[in-house]
Amino acid sequence: MALRHYTLDLNLSAAVDPASTVPGLLSIFQEQEMTETVHETNGHGYLATFVGKNGRLVVLRVHSHGLVTIDLQCYQEDNIAQLDNLLNALEKKLKDLLKGNITRIKRLPALIRGGEVDRYWPTADGRLIEYDFDRVVYEEDSAYQNIRILHSKQFGNILILNGDVNLAESDVAYTQAIIGSGKENYAGKEVLILGGGDGGILAEVVKQKPKMITMKVIDGCKVHMRKTCGNILDNLKGDCYQILVEDCVPVLKKYVQEGRTFDYVINDLTAIPISTEPEEDSTWEFLRLILDLAIKVLHPTGKYFTQGNSVNLSEALSLYEEQLGKLSCPVGFSKEVVCVPSYLELWVFYTIWKK
């Protein structure tokens with residue numbers, strides 16, 4: 001059973017005495033048959049909870065520094081019109097009681113907590129986004145990660161890996177950016193795709209008839225992300241591609257030992273870590289390993305494409321660029337900033353080449 005959580009905040013130009021404000025609100029709670037319990041705040045304003053027979057809970061706080069906050073929790077099945085009327089009545093009464101002391105009133109849409117489908121996911125830089133998810137399409141724990149595909153009315157099915165929004169069916173901009181934004185000619189070329197389990201990169205590159213594409217895959221996408229991958233994942237081999245369902249690190253090491261090279265290496269495994277301690281974070285260690293192995297299998301005139309992270313994570317991006325100077329051979333790089341629809345933030349993509 002899910003909960004709805006409403007908030008109402010009033011910023012004041014000056015602190016207010018609870019004794020002159022709270023009594024005027026009590027009649028509203030009494031009409032709702034809610035019982036008041038006052039809590040000790042050790043001099044930090046006024047705090048009370050009001051509990052109703054139908055499971056409603058209101059937390060009223062008059063802060064000592066000039067802020068009044070009201071939190072209302074109820075079951076999702078509760079009468080929304082009654083809840084709106086309660087919040088409207090409290091807001092109107094507070095306006096009357098505080099008169100010209102209010103500088104700002106903010107009421108947020110209700111948060112739905114504990115629902116069957118989780119609608120709230122963080123951006124890369126920690127901001128909270130509410131998606132219009134209405135159902136779980138697919139969920140599985142693989143040997144490497146938790147895989148979920150959720151349906152969004154706006155973005156289509158969205159692949160989520162270990163709690164990170166990975167790719168939506170609407171995110172053609174991501175796929176185009178990580179394969180060179182239409183500036184590359186893949187015809188007759190050897191291409192290695194690391195990750196890319198949604199099939200979008202493979203589906204786009206194969207259109208240009210390369211010599212051979214090698215990649216690894218996530219099975220759930222071939223059924224539930226077909227607007228992204230089409231039918232490209234239905235078979236592990238095609239005229240100009242092969243899909244390896246295995247860990248990419250041993251495969252890369254094998255290619256290095258064999259001296260095999262590729263015209264293009266496309267890394268869609270993981271974003272740049274947000275940790276600012278690259279020498280201690282295991283994800284940075286993994287990223288450096290993949291990067292170094294990938295550069296070793298890159299043809300001298302080849303290109304390496306990879307996602308970066310949110311444009312807001314400038315420190316992490318700078319640390320990544322520092323790592324590029326520590327590889328087994330010198331490299332150059334360029335970057336492109338792209339708006340990825342379902343991310344709701346600008347994303348950085350890198351092109352890297354041997355000098």
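Computed from a predicted structure; not experimentally measured.
- The distance from atom CD1 of Ile70 to atom CG of Leu25, rounded to the nearest 0.5 Å, is 6.5 Å.
- Checked by atom type and distance alone, the side chain of His299 pairs as donor or acceptor with a backbone atom of Thr301 at under 3.5 Å.
- Side-chain contact of Tyr350 with Glu321: a donor-acceptor pair under 3.5 Å is present, judged by distance alone.
- Between the side chain of Glu40 and the main chain of Asn42, a donor-acceptor pair closer than 3.5 Å is present.
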**Request:** Report the C-alpha separation of Glu322 and Lys326 in whole Å, then their side-chain angles, then the decisive distance to 0.1 Å, and conclude whether the salt bridge (Lys or Arg N to Asp or Glu O under 4.0 Å) test is met.
**Result:** CA-CA 7 Å; Glu322 288 180 15; Lys326 301 177 181 179; 5.2 Å; no

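- No continuous path of hydrophobic side-chain contacts links Trp353 to Val348 [ILVMFWY only; heavy atoms under 4.5 Å].
- In the hydrophobic cluster analysis, where Ile, Leu, Val, Met, Phe, Trp and Tyr join through side-chain heavy atoms closer than 4.5 angstrom, Leu72 is grouped apart from Tyr75.
- Residue Val297 is grouped with residue Leu269 when hydrophobic side chains (ILVMFWY) are merged at heavy-atom distances under 4.5 angstrom, including chains of intermediate members.
- Inspection of the Asp141 and Asn146 side chains reveals an N or O donor paired with an N or O acceptor under 3.5 Å.
- The closest donor-acceptor contact from the side chain of Thr103 to the backbone of Asn11 lies under 3.5 Å.
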**Prompt:** Hey, mind stepping through Ile147 and Tyr138 against side chain to side chain contact (heavy atoms under 4.5 Å, CB included) and telling me if it holds?
**Reply:** CA-CA 8 Å; Ile147 304 164; Tyr138 176 88; 4.0 Å; yes

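- No donor-acceptor distance shorter than 3.5 angstrom exists from the side chain of Tyr264 to the backbone of Phe305, with no hydrogens or angles considered.
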**Asked** Can you check side chain to side chain contact (heavy atoms under 4.5 Å, CB included) on Gln76 and Leu3, steps first, answer last?
**Response** CA-CA 5 Å; Gln76 190 173 12; Leu3 296 177; over 6 Å; no

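- Of all heavy-atom pairs spanning Ser13 and Gly100, the tightest one is OG-O, 4.4 Å.
- A side chain to side chain contact (heavy atoms under 4.5 Å, CB included) with Ile352 is found for one member of Asn267, Leu291, Leu298 and no other, namely Leu291.
- Side-chain contact check for Glu336 and Ser181: at least one donor-acceptor pair (N or O, by modelled atom type) lies under 3.5 Å.
- At a cut-off of 3.5 Å, with distance as the only test, no side-chain donor of Asp9 or Thr69 sits close to an acceptor on the other residue.
- Tyr186 and Glu184 are not linked by any side-chain donor-acceptor pair at a separation below 3.5 angstrom, with hydrogens and angles left out of the test.
- Rounded to the nearest 0.5 angstrom, Leu111 CG and Gln73 CD are separated by 10.0 Å.
- A distance-only check finds no donor-acceptor pair linking the side chain of Gln242 to the backbone of Gly238 [under 3.5 Å].
- Residue pairs that meet the salt bridge (Lys or Arg N to Asp or Glu O under 4.0 Å) test with at least one member in residues 154-183, sequence neighbours left out, do not exist here.
- Residue pairs satisfying the salt bridge (Lys or Arg N to Asp or Glu O under 4.0 Å) criterion with at least one member in residues 74-89, sequence neighbours excluded, are listed as follows: Arg56-Asp78.
- Proximity of a side-chain donor or acceptor of Asp17 to a complementary backbone N or O of Ser20 within less than 3.5 Å is not detected.
- Taking Ser64 as the reference, nothing meets the side chain to side chain donor-acceptor pair (under 3.5 Å) condition, with sequence neighbours excluded.
- Remark: the His151 side chain and the Asp134 side chain contain an N/O donor-acceptor pair separated by less than 3.5 Å.
- Screening residues 148-160 for salt bridge (Lys or Arg N to Asp or Glu O under 4.0 Å) gives Glu139-Arg148 as the qualifying pairs, with residues at least two apart or on separate chains.
- Note: Trp121 and Phe133 have perpendicular aromatic rings, judged against thresholds of 30 and 60 degrees for the angle between ring planes.
- Listed by chain and residue number, Glu91, Ile102, Ile105 satisfy the side chain to side chain contact (heavy atoms under 4.5 Å, CB included) test with Lys95 (two or more places apart in sequence, or in another chain).
- Formation of a donor-acceptor pair under 3.5 Å by the Asn101 side chain with backbone atoms of Ala14 is found in this model.
- Lys253 meets the salt bridge (Lys or Arg N to Asp or Glu O under 4.0 Å) test with no other residue; sequence neighbours excluded.
- Linking Ile, Leu, Val, Met, Phe, Trp and Tyr whenever their side-chain heavy atoms come within less than 4.5 Å leaves Phe50 and Leu57 in two separate clusters.
- For the atom pair Cys74 SG and Asn54 CG, the distance stands at 8.5 Å (nearest 0.5 Å).
- Among all heavy-atom pairs drawn from Gly195 and Met215, the shortest one is O-CE, 3.5 Å.
- Here the shortest heavy-atom pairing between Lys354 and Cys329 reads CG-SG, 4.0 Å.
- Side chains of Ser310 and Glu345: a donor-acceptor N/O pair is present below 3.5 angstrom, by distance only.
- Between Trp284 and Tyr320, the two ring planes are tilted [angle within 30° to 60°].
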**Message:** Between Asp292 and Arg288, is the salt bridge (Lys or Arg N to Asp or Glu O under 4.0 Å) condition met? List the steps.
**Reply:** CA-CA 6 Å; Asp292 201 51; Arg288 279 195 300 264; over 6 Å; no

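- Both Val62 and Leu12 sit in one connected hydrophobic cluster of ILVMFWY residues. Membership requires side-chain heavy atoms under 4.5 Å apart, directly or through other members.
- Note that Arg260 lies in the cation-pi zone of Tyr255, set by a 6.0 Å cut-off to the ring centre and a 45° limit from the axis.
- In this model, a donor atom of one side chain and an acceptor atom of the other lie less than 3.5 Å apart for Tyr174 and Gln307.
- Counting heavy atoms from C-beta outward, Asp125 and Arg127 have side chains that approach closer than 4.5 Å.
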